[in-house]
Asker: 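One structure, pasted below without further comment.
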Amino acid sequence: EARGPSYRWNLDDFEIGAPLGRGKFGRVYLAREKTTHYMVALKTLYKVELMKGRVEKQVMREIEIQTHLRHPHILQLLTYFHDHKRIYLVLEFAARGELYKELKRQPNERFNEHLSAKYTYQVADALEYCHRNNVIHRDIKPENLLLTYEGNVKLADFGWSVHAPSSKRNTLCGTLDYLPPEMVSGETYDIFVDHWCLGILCYEFLVGKPPFLSDSQQETYVKIKAANIQWPEQITPGAKDLISRLIKRKSWERISMAAVKKHFWIVKYKDLH
Ligand SMILES: Cn1ncc2ncnc(NCCc3cnc(NC(=O)Nc4cccc(C(F)(F)F)c4)s3)c21
């Protein structure tokens, strides 16, 4: 019986394999669809946990946003379903897993200029598409990037994404390292938060840690608000030029995603191997 677009998927359609990762609200498993043997990543979210975390409407927003996004560098949400205890996200499987683990595996735990430019380009490409669809990702960091078998980036986890402009004041969990000044000070913000995060991301690819990393949150806040970056010797002038044009305190001064994709440092290194 052919499975049309209105078919209601359920857990019985899949054989569950190895765990791929774990999050605060549930785990991710490798899974195989029984009739086609198509491999997917199955993210389980416990409803009780989501309610305790007061994030259930965020999951609904993520599902709403994700079902309308289709791009080669965005991890596809294929479908979703739920039972009495859990919500299941059926996701495209990225066979080389989490990019941050690949970063840690590198010598000196940092990428060379080719990989840094290639990944920065691909994330810029995905963000340009998101922004054209009026979606701010808001949580760009190595932990939310996955790698395909071919070594290309997939932007994942739209759990914190919103439609622009927004002033969502949900207590952002996790590190402050990627927060732009306007979010640190709780102002309303726009798509340019993603531009700031792309600058932080490119810096972390090249250096192995984010520019405002500090021992305390207060110190990180101060460094973010001052936006003063230390440039280790391995950062070349081209990379420094691009990162400086993204990590701008005034959000409207951050260069566009189109300009990032055409930047001379990106063009020079993204296709070199
Ligand atoms: C590890 N790994 N290795 C290979 C591989 N291939 C595909 N996927 C993987 N991992 C899953 C990546 C994700 C994609 N979308 C996500 N979405 C989400 O986690 N949403 C979410 C969760 C909890 C709370 C909220 C809420 F409520 F705050 F919004 C939202 S997680 C893979």
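Start at 1 with the first residue, then count along the sequence. For ligands, and for the atoms within them, numbers begin at 1 and follow the listed sequence.
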Asker: Tell me the contacting part of L146 for ligand 1: side chain, backbone, both, or neither, using a 4.0 Å heavy-atom threshold, strictly below.
Answerer: side chain

Asker: Looking at A41, which atoms of ligand 1 are within less than 4.0 Å of one of its heavy atoms?
Answerer: 6 (N), 7 (C), 8 (N)

Asker: Using a strict threshold of under 4.0 Å (side-chain N to carboxylate O), is an ion pair present between R3 and E33?
Answerer: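 A salt bridge is present here (some side-chain N lies under 4.0 Å from a carboxylate O).
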
Asker: Quick check on contacts: which atoms of ligand 1 are under 4.0 angstrom from a heavy atom of G97?
Answerer: 3 (N), 4 (C)

Asker: If we set the cut-off at 4.0 Å for heavy atoms, which region of E62 has an atom near ligand 1: side chain, backbone, both, or neither?
Answerer: side chain

Asker: Can we say K261 and D125 salt-bridge, meaning some charged N sits less than 4.0 Å from an Asp/Glu carboxylate O?
Answerer: yes

Asker: I'd like to check whether A94 has a polar contact with ligand 1, where a contact means an N/O of the residue lying under 3.5 Å from an N/O of the ligand.
Answerer: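 Looking only at distances, the answer is yes, because the N/O contact criterion of under 3.5 Å is met.
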
Asker: Which bit of V28 gets closer than 4.0 Å to ligand 1, counting heavy atoms only: side chain, backbone, both or neither?
Answerer: side chain

Asker: Nearest heavy atom to atom 24 (C) of ligand 1: which of Y29, F25, F93, Y46 does it belong to?
Answerer: F25

Asker: Check each of D157, L45, I87 against atom 14 (C) of ligand 1 and report the one with the nearest heavy atom.
Answerer: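 Ranked by closest heavy atom to atom 14 (C) of ligand 1, first place is D157.
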
Asker: Considering both backbone and side-chain atoms of Q58, is one of its nitrogen or oxygen atoms within less than 3.5 Å of a nitrogen or oxygen in ligand 1?
Answerer: no

Asker: With a 4.0 Å cut-off on heavy atoms, is R96 touching ligand 1?
Answerer: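 Heavy atoms of R96 never come under 4.0 Å of ligand 1.
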
Asker: How are the rings of Y119 and F111 set to each other: parallel, tilted or perpendicular (split at 30° and 60°)?
Answerer: perpendicular

Asker: Which is closest to atom 13 (C) of ligand 1 by heavy-atom distance: T44, T148, L91?
Answerer: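 The nearest heavy atom belongs to L91.
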
Asker: Would you call the rings of Y7 and W9 parallel, tilted or perpendicular if under 30° counts as parallel and over 60° as perpendicular?
Answerer: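 Perpendicular: the ring planes of Y7 and W9 meet at over 60°.
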
Asker: Can you check whether K43 has an N/O within less than 3.5 Å of an N/O in ligand 1?
Answerer: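 Such a contact does occur with ligand 1.
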
Asker: For ligand 1, which atoms sit closer than 4.0 Å to a heavy atom of V55?
Answerer: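 Those qualifying, in numeric order: 27 (F), 28 (F).
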
